[in-house]
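The structure appears below as C-alpha cells.
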Amino acid sequence: MKPTLRIRPYRLALYALLCLVAGSAGYSCRRQYTPKPDGYFRIDPYPDSYRRTTLLEPALSFEVPEGTVETLDHDTTRHHDGVQWLNIRFPRYRATLYCSYHPLRGNLASLLDESRELVYRQSIRPEAVQAGTYENDSLHIYATLYDLSAESATPLQFVATDSVRYLLRGSVYFDEPGKSDSIAPVVGYLYDHIAHLIESIETPAR
C-alpha cells in the first residue's frame with residue numbers, strides 16, 4: 001500500500017502557515033508586482049426604440065429613447081418671454097439633458113450668439129470643440145450639435161431652430177463628475193440620441 005502523508009492536528013496550522021510564507025517568498029522573488037489599471041462598470045446604450053414627446057408648446061415634438069423621463073420645469077423664476085424648460089432624464093447614464101424653448105421675437109441672432117458663447121465658455125479646451133450641423137430645408141429645421149469633449153462639465157450642447165418661430169437648445173450634465181475615460185462611451189451614446197432628437201423634430205405647418 002502506498003504510504004500517505006499524515007499531519008497531526010495540532011501541527012496543521014503551523015504547517016499551513018509555513019507553506020504560505022514559503023510560497024509567498026518564492027513567488028515574490030520571481031515576479032514584480034504591477035498595479036492594475038482602473039476598471040469601470042460597463043454601461044450599455046438604450047435600445048434603438050424611441051417615442052415622441054409633446055410636452056412643449058406650441059406642439060413642438062421630437063423623439064426620445066424609451067426609458068427616459070421627461071418633466072417640465074415649473075420654476076417660475078426661469079420663465080419669462082414665453083421660455084419653457086424641459087428636462088430629459090437618462091437614468092441609465094445618470095445624466096440629464098436640460099432643454100429650453102425660446103419663442104422668436106426678432107431675437108434669433110442674439111440667441112444664437114448667446115448659445116455659441118455658452119459653448120466656448122463652458123469648454124475646457126475651446127480649440128477642440130467640434131460642431132456638427134444639420135439642415136432640413138423641407139421642414140425648415142437648422143441645428144448645430146456641439147461636442148465639447150468628455151472632460152467638460154457639459155460635454156454636449158445643441159441648438160435647433162426654424163429661424164422664424166422658435167429656438168430650442170439643450171445641454172447635457174452628469175449627476176456627478178467622472179473620469180473622461182469612463183464617461184466617453186456614454187457621451188458617444190448621448191450624442192447619437194441627441195442627433196436623433198434633432199432629426200425627429202416636428203412643428204405645426206407655418
Side-chain angles (χ1 to χ4, degrees), residues 37-38 40-50 53 56 60-65 67-68 70 83 85-102 104 107-164 166-203:
D38 293 335
Y40 304 107
F41 291 109
R42 175 177 173 176
I43 301 178
D44 293 321
Y46 284 87
D48 291 332
S49 177
Y50 293 87
T53 180
L56 290 173
L60 182 145
S61 69
F62 44 77
E63 293 184 349
V64 295
T68 58
E70 305 90 69
V83 176
W85 295 84
L86 176 67
N87 303 333
I88 304 174
R89 174 76 179 153
F90 293 81
R92 182 177 297 184
Y93 304 151
R94 297 178 60 82
T96 302
L97 175 61
Y98 295 95
C99 300
S100 57
Y101 172 90
H102 303 258
L104 296 181
N107 55 346
L108 177 60
S110 62
L111 285 172
L112 290 174
D113 289 342
E114 182 182 80
S115 299
R116 281 191 292 268
E117 181 182 348
L118 284 172
V119 166
Y120 289 98
R121 186 198 311 161
Q122 295 173 337
S123 174
I124 291 179
R125 294 181 295 127
E127 73 283 356
V129 172
Q130 299 183 17
T133 59
Y134 172 80
E135 296 183 6
N136 187 324
D137 292 329
S138 62
L139 296 178
H140 307 286
I141 297 173
Y142 311 94
T144 304
L145 176 51
Y146 297 95
D147 186 345
L148 287 69
S149 82
E151 301 170 356
S152 300
T154 170
L156 298 171
Q157 296 188 32
F158 81 91
V159 57
T161 181
D162 69 348
S163 73
V164 175
Y166 73 88
L167 180 140
L168 179 70
R169 64 187 181 193
S171 302
V172 168
Y173 285 88
F174 287 94
D175 292 355
E176 52 195 33
K179 294 184 177 180
S180 58
D181 290 343
S182 65
I183 65 173
V186 177
V187 172
Y189 301 153
L190 286 165
Y191 187 100
D192 292 340
H193 296 321
I194 296 173
H196 182 94
L197 181 158
I198 292 170
E199 294 170 355
S200 67
I201 290 176
E202 292 183 359
T203 55

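The structure displayed is predicted, hence computed values, not measured ones.
- In Asp48, the CG atom is not crowded: 12 or fewer heavy atoms of neighbouring residues, nucleotides or ligands sit closer than 6.0 Å.
- Annotation: cation-pi geometry not satisfied between Arg94 and Phe174 (NZ/CZ under 6.0 angstrom from ring centroid, within 45° of ring axis).
- Between atom OG of residue Ser123 and atom CG of residue Leu118 there is a gap of 12.5 Å, rounded to the nearest 0.5 Å.
- Between the side chains of Ser138 and Asn136, at least one donor N or O sits under 3.5 Å from an acceptor N or O.
- Taking the six-membered ring for Trp and the full ring otherwise, Tyr166 and His102 have centroids separated by 6.0 Å or more.
- Between Arg125 and Ser149, the shortest heavy-atom distance links the atoms NH2-CB, 4.1 Å.
- Using a 4.5 Å heavy-atom cutoff, the side chains of Phe158 and Ser115 are not in contact.
- From Thr161, atom OG1 reaches atom CG of Leu168 across 9.0 Å, with rounding to the nearest 0.5 Å.
- With respect to the salt-bridge test (charged N to carboxylate O, under 4.0 angstrom), the residues Glu114 and Arg121 do not qualify.
- Residues Val119 and Arg116 fail the side-chain proximity criterion, which asks for heavy atoms closer than 4.5 Å.
- Leu167 contributes atom CG, which lies 9.0 Å from atom CG of Asp162 (distance to the nearest 0.5 angstrom).
- Between the SG atom in Cys99 and the CH2 atom in Trp85 there is a gap of 9.5 Å [rounded to 0.5 Å].
- Residues that satisfy the side chain to side chain donor-acceptor pair (under 3.5 Å) test with Tyr120, not counting sequence neighbours, are absent from this structure.
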- Task: Go through the steps for Thr68 and Glu70 under the test side chain to side chain donor-acceptor pair (under 3.5 Å), then give the verdict.
- Result: CA-CA 7 Å; Thr68 58; Glu70 305 90 69; 3.2 Å; yes

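- Not one N or O on the side chain of Ser171 forms a donor-acceptor pair closer than 3.5 Å with the backbone of Gln157.
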- Message: With side chain to side chain contact (heavy atoms under 4.5 Å, CB included) as the criterion, how do Leu112 and Val159 come out once you've worked through the C-alpha distance, each side chain's angles and the decisive distance to 0.1 Å?
- Response: CA-CA 8 Å; Leu112 290 174; Val159 57; 4.1 Å; yes

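- You'll find the side chain of Ile183 stays beyond 4.5 Å of the side chain of Ile43, heavy atoms only.
- Note that the CG atom of Leu86 and the OG atom of Ser100 stand 10.0 Å from one another [nearest 0.5 Å].
- Looking at every heavy atom in both residues, Glu135 comes nearest to Tyr142 through CG-CD2, 3.8 Å.
- Note that OG1 of Thr96 is 5.5 Å distant from CG of Asp175, once rounded to the nearest 0.5 Å.
- Judged by distance alone, with hydrogens and angles left aside, the side-chain atoms of Thr154 form no donor-acceptor pair with the main-chain N or O of Tyr173 at under 3.5 Å.
- No side-chain heavy atom of Tyr189 sits under 4.5 Å from any side-chain heavy atom of Val187.
- Looking only at side-chain heavy atoms (C-beta outward), Tyr50 and Val64 stay at 4.5 Å or farther from each other.
- Val172 and Pro155 get closest at one heavy-atom pair: O-CD, 3.5 Å.
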- Message: Run Leu156 and Tyr146 through side chain to side chain contact (heavy atoms under 4.5 Å, CB included) and show every step you take.
- Response: CA-CA 6 Å; Leu156 298 171; Tyr146 297 95; over 6 Å; no

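- When each of Thr203, Leu197, Ile194 is tested with Phe62 by the rule side chain to side chain contact (heavy atoms under 4.5 Å, CB included), just one qualifies, namely Leu197.
- Between His140 and Ser163 there is no side-chain heavy-atom pair separated by less than 4.5 Å.
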- Verdict with reasoning, Phe90 to Leu190, per side chain to side chain contact (heavy atoms under 4.5 Å, CB included): CA-CA 9 Å; Phe90 293 81; Leu190 286 165; 3.9 Å; yes

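- Remark: the Tyr93 side chain and the His193 side chain contain an N/O donor-acceptor pair separated by less than 3.5 Å.
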- Task: Carefully, step by step, assess Leu145 and Tyr134 under the rule side chain to side chain contact (heavy atoms under 4.5 Å, CB included).
- Result: CA-CA 8 Å; Leu145 176 51; Tyr134 172 80; over 6 Å; no

